[in-house]
There are 4 protein chains.
Amino acid sequence: MSDVIQADKLRLLIERIERLEEEKKGIADDVKDVYGEAKGQGYDVKTMRKVVALRKLDKHVRDEADAMMDIYRTALGLT
Amino acid sequence: MSDVIQADKLRLLIERIERLEEEKKGIADDVKDVYGEAKGQGYDVKTMRKVVALRKLDKHVRDEADAMMDIYRTALGLT
Amino acid sequence: MSDVIQADKLRLLIERIERLEEEKKGIADDVKDVYGEAKGQGYDVKTMRKVVALRKLDKHVRDEADAMMDIYRTALGLT
Amino acid sequence: MSDVIQADKLRLLIERIERLEEEKKGIADDVKDVYGEAKGQGYDVKTMRKVVALRKLDKHVRDEADAMMDIYRTALGLT
DNA sequence: ACAGAAATAAAAATGC
DNA sequence: GCATTTTTATTTCTGT
């Protein structure tokens, strides 16, 4: 394949990445807006962030426990 | 307003944030996928990341320059 | 202060860091040895790593919960 | 050997690992402290990190060269 | 030995 | 402006 077409493929990949990164940034801004809204309604943002982090951590713990179960099952030949 | 409704509002805000965070994570995963695809096609991911970072920096520099131009224009009454 | 003495201070700081990094590497090697020893005694290393990770996660969750309590206390003016 | 004693051995291994991991974390924190101290004395931490990385690389290169020399020496019966 | 996953280290962004 | 948190990058580890 010619270098020109190769370069085009690379450019397309990079543009896809850049578009996704922009979307990601947009959503990050939305998150910030929601926190700002919450603050405007009198909620304590620091506490809210902690709540969100703690809920994520809980989910993570549950997922890990499930993974652990799978490992034990495999180790015991219970698949 | 009653505390119950207040708590509901808080819960809704937190759920909105969590949904946005999940979307964000989904997009971050998409980005990873595109890099993986690029790697599969023989591109060097580390270099690609540098390219993306450089282009972002360039864009930032250009945006700064544009903002500066606007300030001058306004200061000189050239809008 | 003269540049020479300044350079000496910098060198001392860097040497301290390098010594600490070496210690750290030594301990990381010790960890590897213990896993190797366990493997030699017939234990499944992958499962052991999961156990260690899960216990660390549990500790983290407890620490987070404590931090959460502090935040609530502060938010409610109960310090 | 009974399962009870086996479980004890496993527990001991895991506790040894956890103790080592804690030591490792302690040292990592010490490293952070030294960088903090350096910063407080006006040094540029980012640059210092680069210096440390470079010196590590140099050491690695020298060690490799030494190993190569040993190989040649042995091959030539010059031990 | 190498691909993929996980851990660690470094850099960047954010809030106070 | 500093310090803390998040994100990104690199290194390390494991299974094929």
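Within every chain, numbering begins at 1; the chains are lettered A, B, ... in the order of the sequence lines, protein sequences first and strands thereafter. Scope of the values below: all heavy atoms of this structure, side chains included, with no hydrogens, waters or symmetry mates.
K24(B) comes within contact range of the sugar-phosphate backbone alone, with a heavy-atom separation under 4.0 Å but no base atom that close. Contacts of K50(A) with the nucleic acid, taken as non-hydrogen atoms under 4.0 Å apart, are absent.
Per the geometry, NZ belonging to K39(B) stands 15 Å off P belonging to dA9(F), to the nearest Å. At whole-Å resolution of the value, CD1 in I17(A) and C1' in dA9(F) are 15 Å apart. Taking atom CG of D33(A) as the reference point, atom C1' of dG15(E) lies 16 Å away to the nearest angstrom. Whole-Å rounding puts the K25(C) NZ to dT8(E) P distance at 14 Å. Between the CD1 atom of I27(B) and the P atom of dT8(F) there is a distance of 12 Å, rounded to whole Å. Distance OH (Y35(B)) to C1' (dT10(F)): 15 Å, rounded to an integer number of Å. If you take CG of L20(C) and P of dA9(E), they are 12 Å apart, rounded to a whole angstrom. Atom C1' of nucleotide dT7(F) and atom NZ of K32(A) are separated by 13 Å, given to the nearest angstrom.
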Begin from the C-alpha positions of V51(B) and Y43(B) and carry the test side-chain contact (heavy atoms from CB on, under 4.5 Å) through to its verdict. CA-CA 12 Å; V51(B) 170; Y43(B) 295 107; over 6 Å; no

Show, in sequence, the C-alpha distance, side-chain angles and deciding distance for E23(D) and R19(D), and conclude whether the salt bridge (charged side-chain N to carboxylate O under 4.0 Å, His left out) test is met. CA-CA 6 Å; E23(D) 271 185 67; R19(D) 227 165 307 128; over 6 Å; no

List the steps and the verdict of salt bridge (charged side-chain N to carboxylate O under 4.0 Å, His left out) for D63(B) and K59(B). CA-CA 6 Å; D63(B) 289 350; K59(B) 186 180 181 309; 2.9 Å; yes

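The nearest pair of heavy atoms linking L13(B) to A38(A) is CD1-CB, 3.7 Å.
Nearest nucleotide to the side chain of K46(C), out of dT8(E), dG15(F), dG15(E): dG15(F).
When the side-chain nitrogen and oxygen atoms of R49(B) are compared with OP1 and OP2 of dA9(F), one or more of them lie within a distance under 4.0 Å.
Screening residues 38-48 of chain B for salt bridge (charged side-chain N to carboxylate O under 4.0 Å, His left out), with sequence neighbours left out, gives no hits.
Among E21(D), E22(D), E18(D), the one residue that satisfies the salt bridge (charged side-chain N to carboxylate O under 4.0 Å, His left out) test with R55(C) is E18(D).
By the 4.0 Å N-to-carboxylate-O rule, D29(B) lies close enough to K25(B) to be salt-bridged with it.
Taking every heavy atom of residues 52-63 of chain C and every atom of DNA chain F, no pair lies under 4.0 Å.
If V45(D) and E21(D) are placed on DNA chain E by their nearest nucleotide, the residue sitting closer to the 5' end is E21(D).
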